[in-house]
Structures are given as C-alpha cells and as structure tokens.
Student: 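If you scroll down you'll find the structure; I have some questions about it.
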Amino acid sequence: MKDYRLPNERNMNIYRPPPGAKKKDFETSGLKYNSKVEDMNGLEEGVEFLPTMNAKKLEKRDPKRCMVVVAVVVACLLLSLLVGFLVWHFKYRNAHVQKHYNGHLRLTGTRFIDAYENSNSSEFAALARIVKQMVTDIYKNNQDVGPFHKETVITAFSEGSIIAYYWSEFSVPRYKTEALNNAMANIHPSNQTGPQKPRNPDWRIQSIDAFPSDPDIIKASRDNSCNYALHAKEGVVTSFTTPGFPNSAYPSNARCLWVLRADVDSVISLTFRTFDVEPCNMGNDFVKVYDSLSPVEPHALVKLCGSFNPTYNLTFVSSQNVLLIMLSTDASGRYPGFKATFFQIPKNKNCGGALTGVSGTFTSPYYPAHYPPNTDCVWNIEVPRGRNVKVRFNEFFLMEPGVPLESCPKDYVEVNNVKYCGMRGKLVVLSKTNTITVRFHSDLSFVDSGFSAEFMSYESNDPCPGRFTCKTGRCIEKTLHCDGFLDCPDASDEQNCNCTEKQFRCRNGYCKHKYWVCDGMNDCGDNSDELQCECPANNFKCGNGKCILELQKCDGKDDCGDGSDEGNCGSVAVVPCQEYTYKCRNNLCVNKKNPECDGKKDCSDNSDEENCSCGKRFFSKQSRIVGGQDSDVAEWPWQVSLHGKDEGHLCGASLISEKWLVSAAHCFYNDNSRYMDSKIWTAFMGLHDQRDRANNYVQQRSIKSLIIHPFFNDFNFDYDIALLELASLVNFSSYIQPICLPDVSHDFPPGKSIWVTGWGHTQQSGTGASILQKAEIRVINQTTCSSLFPTSITPRMICVGLLTGGIDACQGDSGGPLSSLEADNTMFLAGIVSWGEGCAQRNKPGIYTRVSQLRDWIKERTGV
Ligand code: 4AZ
C-alpha cells in the first residue's frame, strides 16, 4: 500500500491519535509536551514554560527587545538575499564556460607551397604564426569575441589560394555565450586593422567561417597520437586502416584523424573496403568523413557506424583536393575498424552539357559512387524536331535524413522546374517539346549515390506505341490496364475501370479480385475490401477472420481456433497448455505469442531464451534494393547450396546447427532414385556467388546421411521436408550461421513480410542466378490460399508471396529458407521452398513447408 505521509513526517515521533480514538481520549491521554521538561532539567532547573497567552503578555511588556528581534530577522533576510545573488552571479550567470569553434579561412596574396602540407615544417610554423595573429586581430575587433578568446591553433593548410583550417577556444561568461555564438556565426574579415599587420601587405583574409564544434573533436586535434596525413600519388591507390586493423581492435576513447590530400585540380575518391565498428545502437563509436580539413558539421559528407557488407557502396568523392576522416570511439566495444583506399582523379569541372539524338544516358557525377558535395550540373537534352522527349531515372538516391521531400531544400534533381529528392522508384518525366533541361544540385553536406537516367524521344501523340501510357508517362503492357493490380506509379492504370464479375469494386473505385475480399489485408488501399468482414460491436476479430465475444479474449481458451485470442494478453502468464501456447521445458505453458529468443525471459526456467545462438547476421547494414535483387555477402549466412554430382546447384537448404541442414524432401525423393543417395550431394556453406566456390569464406561438406520425412507425399508435396547430416562439422563465422527453428506454436500472421532466398531461376523459364537472390514476400491467409489452390493446401503448408505476382521463388530455390525476422533481430525459418504453379504469376503465390508444424520431428531426428 502507498504511504501518503510527507517525507519529513516520517521520523518525527509526533503522537497521533489511534484511528478509532475520540477527541476526548486524546486530550486526556498521559503523553503531553511537558513530558520534555524532564529532559531539560539538567540545563535550567526550575524554569517553567508559560502558557502561550502569558508569553504574548511578556513581549508587549518589552518593545525594545521586539525591535531588536525584527531588525535581526530583516538583516538575516537581506544577507541571505545578497549571498544568493552573489552565488547566482558567480556560480551561474558569470561562471565561465569553454566554447570551441572549428573553421577555415581563405588567405589571398600568397601561394601554396608543398611544405605547408607538413605541420612539422618551419614554413608551416611561420605561416601558422601569421595566420593565427590575423585571426586573433579579427577577433579583437569584435567586442563579443575578443575579450573571451583564449587560444587559436592552425591545424592545416590547403590550396586555394591558401585555405587555413583552425580551431579557437574561448572562455566566456555563461550569459554572453549567445552573443559569442552569434558573433562567430557572422564573423567577417573586413576589419583587418589589428595591431600587428602581416609582413606582406597584400596578404588578406578573404573569407572566414567558424562553426561551434564538439569538444571531443577539439580534443582530437590536440592529440597527435592518432593523426595521419596522406597525399595521393598520381595513378596509385593508397590504402590505410584503423590502428591495429585487422588483428586487433581500434583504441578506445580515441579520436583518430586522417588528412587526405591530392594534387591541385584533383579530387579524391575514397572507398571503405571493410567497415566494422561498434553498432550504432550499442555505443558511440563512429566514423565521419568531411569535405574539408576542419571537422565541421556543415561539411560532413557521411557519418558511419556499425558494420557494412563488403558489397555496400561506400565510395565518396570530394569537391576539392582534401578530405578528412575522423574515427571517434568511446570506452566500450572492441571492433576491428576499417580498411579504406583512396586515389586522386582530375576534377570534373563540367558535369552536365548538351545531349542530343533519339536516346541516350547520363548519370550524377561519379555514379555509382556517392556524388560530391557542392556540385551543380545542367543537362540540356534535345531530341529530333517534331518529337517529344522523356527522361527516365532508373536509379534515384538523393536521400538526406530529416530533409522534407516536398521542398527538397538540399540536394535535388530539377526537371521541368519541379524538384525531386529522396529515394524514388522508376521516375519518368515527360516534356511536351523536343527539349528538356535536367539540373542536379548537391549542397555542402551529406551525399548519396545519385542517379542513373536515360532519355528517349517519342511521338507526341503516342508516347507508348502498342502499350498503355500511365499519366506519369511510364509505358506498361496493355493487359495490365484494369487488371486489379497497380502498375502505374500513380495508379492511373486502375482508374475509371469497369469491374468484371470476378472482381469486387472498392469504395475508391478500384476493381480487385474477389479472392482478396476479407483476407485480412487492405488490398483496396482504403480497406473497403475488409469492411464487410468486420465483427459486430463487442466482438474480437480472430487472426483467421472468425468473430468471438470480446469477453472470450484472454480467457485461457482457444475460442478462435487459431489461438489468436490468447496470444497477446498483456503480462505473460502461465496458462493451461494448448496448441497455440508455448510450452517451457518445465512443461508449464505461457500465453505470450512467439516468446522464443525474443531477448525476454518468459518461462520461469528461461528455456524460451536457451539455444538462441542462431538467426543473427553479422553485417548490420544491408544495401537498399530497388529493382535489383542480389543479396549482399553474408546477408543469409544459413543459406546452403546443394550440388548434385556433375550437376552443379540443384537445391537450397538451411543450416540449423554445425551438423544439420534442413531442405525439401522433393529434392531427393523424385522420379530419379539417384538423388536419394547422400553420396552424390555436396553442401556449400557461406556461398554468395556460384562462380566463387573456392572463396575462403566458403565451407564445403559431403553428406553423411539423408532423412526424408516418412509422411512425404510426392503427389501433393505434403510433409516436404528432409534433414541432411554433414560428414563433418562446419565452423561458424560471419558468413556461416545457423537459423533459428520456430516452436510448434510459432505464428507467422497473414501480411507479415518474409524473405525468400536462392540461386533458382530468375524467370519462369529462365536460368539460375549466379549471385544469391533475395525477395521480400508476404504471408497469405490460409483460407485465401486454399481458395487459390483448391484441395491442395494442407496444414504443413504456408502460402507466401504477392498476389500481384512478379516476386516469387522458382525452380532451383526448392529446399531453401524462408527467413522471418522476429523480435530481438532474430531470423526464424518460417518455411522451406516447396512448390507453386509456375513462378511469380498473379494470384499464384509460392507454397512453402510450414516448419513450425514439423518442429518436433526435427528435434526428434537431429536433437536440434
Ligand atoms: C521448383 O520447381 C519450384 N513459385 C519452387 C518454387 C516455386 C515453383 C517451382 C514457387 O523448385
């Protein structure tokens, strides 16, 4: 129960009447204040305390004494006010705080010499002394700055005429910090009338910029133990690494700086080849790249933390002949760091230009590298007279976090006076004449990988000969018009359509196939396909669409039939065991949905969090996929390629332990008994590219035993699962990891997005992929699935795909994993690629073996 006493009442021993006591009882009780008199006997024997009334009479009788008391009280009050004011003034208002600024200035009237690159040279020291004095003089001329200036250090010089980089430190009363900030933001070199003029009267500071800096960065520039200066050599790629890389972790609490330079009129191309620092959410280690030799935010190109896959695009290009890289680390986390390379390239002064002809291509500067900052390009495109021109952006990445996409105030592409930024799918812009102008602009900070575009001419009255023209200008096949699927980016192919009898008319006018009605997914876009299936008031809608009374939710009984009414019931409770409840090792059942390996102890014996060294990826950053579907290296470290003797890749599989693989029974049990022989099979783990099987990351094993599910039905592919025992254990690495197996109660709800991976055919009658492919698909309601494949779907099957078609598993993917990202960033094997009607057809999603249903059998046969 809560204790409502005030804190200072707690130990006061004040007598309070017991709750039931009457007033009278209290007054007559034996405990009164005068009991204290006894304690005081030793001090003032015989003194008797007068009742209050008498005390008042006494005061009246002595007015002088009263005045003295009042005067003393007033004096005390005044004194404490004065002390308070002084404390406030000196401790807070006037207390001095340290302020740091980083910046750069442009010095004219002199020339850059190579010796200025070396901060230990006497030439550097001499110039630094003069520049420092000039900066100090500029500060002195400003009353909000000069009095507080403590120190300025010139850290570097670069060409142009000479750019000097510096930091300044100030000690300023707290109440003057805002004035200092404002003055520094507007610092101007105009009044160079300081006491000491530079030796050469032609020398002038043409411009000066200062930015408040992170004090950690200032510390970095004082500590030279981790500072490196590198100059690109003509035609040579120079590499550098974090200290100790790759054998030991980079230092803790460090600020390392790499100054990269190139020859004048060159720019620098920098690539991080390997990048593995502390994950962004686990600490404060990061790498920042600056398009300046001053570590200032307005010139930061990128801030990186975590680990990146080797295939991730981490190439940056400077706007001038300098770049600065800073590694900032905190006390925690031991990670290898990075290896980077750089080289110089001639400065591309004239990006853009005139493009003519019937078609052509163009890209942002240095594409696919990140475009340089501070760049403007203009392309004037002209196609033959009488025709119109359109521009299609096949890749478009101009993303800057926190920047509004409507106004594009930073980096943008402008076509027909409309600005575009962010990340866009295929963007098509039409012109109603034979010319079009495309502008590209990047501001001083934060860059992305830019765009790749093509232009083409078209007949003004028929932009898409033989095809349907979306209002955006994109051309699509005529059969896609009014087919219930959105194919135009603006949905113009599905507007003003007459619905067929197989279709349902959504409130927003779209026609959708009737299969999609009440499937638990908002297919119309306005949810109208799911409205008629709502449950009445005071009812709960189950995961399978059934309506139950709200009261039946969380009552410990599976009223829905799929357990969805008992899954999320607030706090985790032990409940009677049911099909849908998770059973802990101590045979107690909990009502939490999918509690395995979610990072929280749900079973009293913690068995839900044991055996959870699975389903983790070691590279935290995965590249964006728009269009392309190549996986990154080590993105699916449980993916296995099964090769048949003399046949190459035939099926996929998933690694579930150092010794066991899970695959599809139909890969082995088919018309040809040869595939039942474990000896013909070889498993490749850690494989990315089928052409690169000799890679060090790849481990190859033969198969010791092959277990096909005894109930496998080769007619309907029920129980399509097989277990393969490796001849010897694999060694786990960043490239090879097991995937977690879902408990029998694990639920993969309709609509959940899941990944399918494999080297199978990339088109229905196409050929296998060399690079491991990935595709994101969604779980489809079991009832919808059964209506799409009448009589074929069993409880051991799960339907996953897109009813819109276009993305699916295909021949050669069989046996491979369906990986589902669950709580605590853990991947679970939701399914095994099993069968389908063709590949990627509309309304024909792929069918997968539902692994959760076969969990006990896997445990029984493998112990995993
Ligand atoms: C196959 O033949 C296969 N679209 C696998 C998956 C699918 C179709 C065929 C699903 O291995």
Side-chain angles (χ1 to χ4, degrees), residues 74-107 128-156 164-198 205-224 253 255 257 284 288 290 292-300 324 326 328 330-331 444-445:
V74 170
C76 284
L77 267 173
L78 286 176
L79 191 66
S80 47
L81 265 174
L82 183 69
V83 169
F85 174 77
L86 291 175
V87 167
W88 171 75
H89 180 74
F90 287 106
K91 191 157 187 320
Y92 297 104
R93 183 173 178 266
N94 204 35
H96 278 227
V97 286
Q98 305 298 104
K99 293 293 267 177
H100 302 269
Y101 295 83
N102 276 80
H104 54 259
L105 56 90
R106 191 178 286 273
L107 183 66
R129 215 174 306 119
I130 295 166
V131 173
K132 178 177 169 172
Q133 188 57 53
M134 293 170 86
V135 172
T136 308
D137 290 346
I138 292 173
Y139 290 162
K140 276 189 186 151
N141 276 329
N142 191 319
Q143 57 177 21
D144 289 325
V145 178
F148 314 113
H149 179 219
K150 264 182 72 186
E151 192 182 4
T152 285
V153 171
I154 309 297
T155 54
Y165 302 87
Y166 68 93
W167 57 260
S168 298
E169 188 176 354
F170 298 83
S171 176
V172 57
R174 195 180 293 273
Y175 75 100
K176 291 223 171 219
T177 50
E178 205 175 318
L180 174 68
N181 269 340
N182 290 340
M184 287 299 280
N186 297 309
I187 198 90
H188 213 262
S190 55
N191 304 324
Q192 290 170 57
T193 54
Q196 194 184 327
K197 282 274 176 90
I205 294 183
Q206 192 190 51
S207 62
I208 178 165
D209 284 301
F211 309 96
S213 52
D214 179 344
D216 289 344
I217 293 171
I218 270 295
K219 252 189 265 153
S221 47
R222 282 168 193 271
D223 172 11
N224 289 326
N253 287 320
R255 305 287 180 271
L257 293 171
N284 204 21
K288 246 175 165 174
Y290 300 92
S292 162
L293 291 184
S294 260
V296 291
E297 197 63 15
H299 289 280
L324 179 69
M326 182 180 73
S328 172
D330 59 13
L444 296 183
S445 64

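Just so it is clear, the values below take in all heavy atoms, side chains as well, and ignore hydrogens, waters and symmetry mates. The chain is numbered in sequence order, starting from 1.
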Student: Could you list the residues that satisfy side-chain hydrogen bond (donor to acceptor under 3.5 Å, both in side chains) with Tyr165, not counting sequence neighbours?
Tutor: Ser158

Student: Side chains of Glu178 and Asn182 only: does a donor on one sit below 3.5 Å from an acceptor on the other?
Tutor: no

Student: Do Met134 and Ile138 have side-chain heavy atoms sitting under 4.5 Å apart?
Tutor: no

Student: Report the residues that fulfil side-chain hydrogen bond (donor to acceptor under 3.5 Å, both in side chains) with His104, sequence neighbours left out, ordered by chain and then residue number.
Tutor: none

Student: Partners of Lys288 by salt bridge (charged side-chain N to carboxylate O under 4.0 Å, His left out), sequence neighbours excluded?
Tutor: Glu297

Student: State, to 0.1 Å, how close Ala156 and Leu293 come at their nearest heavy-atom pair, and which atoms those are.
Tutor: CB-CD1, 3.9 Å

Student: Tell me the closest heavy-atom pair linking His299 and Ser292, and the distance in Å.
Tutor: CB-CB, 3.9 Å

Student: If I compare all heavy atoms of Pro298 with all of Ser445, which pair ends up nearest, and what's the gap?
Tutor: O-CB, 3.3 Å

Student: Mind checking what makes side-chain hydrogen bond (donor to acceptor under 3.5 Å, both in side chains) contact with Thr152, not counting sequence neighbours?
Tutor: His149, Ser168

Student: With rounding to the nearest 0.5 Å, note down the distance linking CZ in Arg106 to CD1 in Ile205.
Tutor: 12.5 Å

Student: Please name all residues satisfying side-chain contact (heavy atoms from CB on, under 4.5 Å) with Thr177, sequence neighbours left out, ordered by chain then number.
Tutor: Val97, Lys99, Val172

Student: With sequence neighbours left out, write down each residue that passes side-chain contact (heavy atoms from CB on, under 4.5 Å) with Asn253, or none if nothing qualifies.
Tutor: Ala331

Student: Sequence neighbours excluded, which residues qualify as side-chain hydrogen bond (donor to acceptor under 3.5 Å, both in side chains) partners of Asn181?
Tutor: Tyr101

Student: Excluding sequence neighbours, so at least two apart, what forms side-chain contact (heavy atoms from CB on, under 4.5 Å) with Gln98?
Tutor: His100, Lys150, Glu169, Ser171

Student: Of the non-hydrogen atoms in Tyr166 and Ser294, which two are nearest, and what is the gap between them?
Tutor: O-OG, 3.9 Å

Student: With sequence neighbours excluded, tell me which residues meet side-chain contact (heavy atoms from CB on, under 4.5 Å) with Pro147.
Tutor: none

Student: Are Phe170 and His96 packed together at the side-chain level, in the sense that at least one heavy-atom pair is separated by less than 4.5 angstrom?
Tutor: no

Student: With rounding to the nearest 0.5 Å, note down the distance linking CD1 in Ile208 to CG in Asn186.
Tutor: 12.5 Å

Student: May I ask you to decide if Val296's main-chain N or O and Asn102's side chain share a donor-acceptor pair within less than 3.5 Å?
Tutor: no

Student: Is any side-chain heavy atom of Phe211 closer than 4.5 Å to one of Met184?
Tutor: no

Student: Would Leu180 and Val145 count as a side-chain contact (heavy atoms from CB on, under 4.5 Å) here? Give the steps.
Tutor: CA-CA 6 Å; Leu180 174 68; Val145 178; 4.1 Å; yes

Student: How many angstroms lie between atom CG of Asp137 and atom NZ of Lys132, to the nearest 0.5 angstrom?
Tutor: 12.0 Å

Student: Can you measure from CD1 (Ile187) to CG (Leu105) and round to the nearest 0.5 angstrom?
Tutor: 11.0 Å

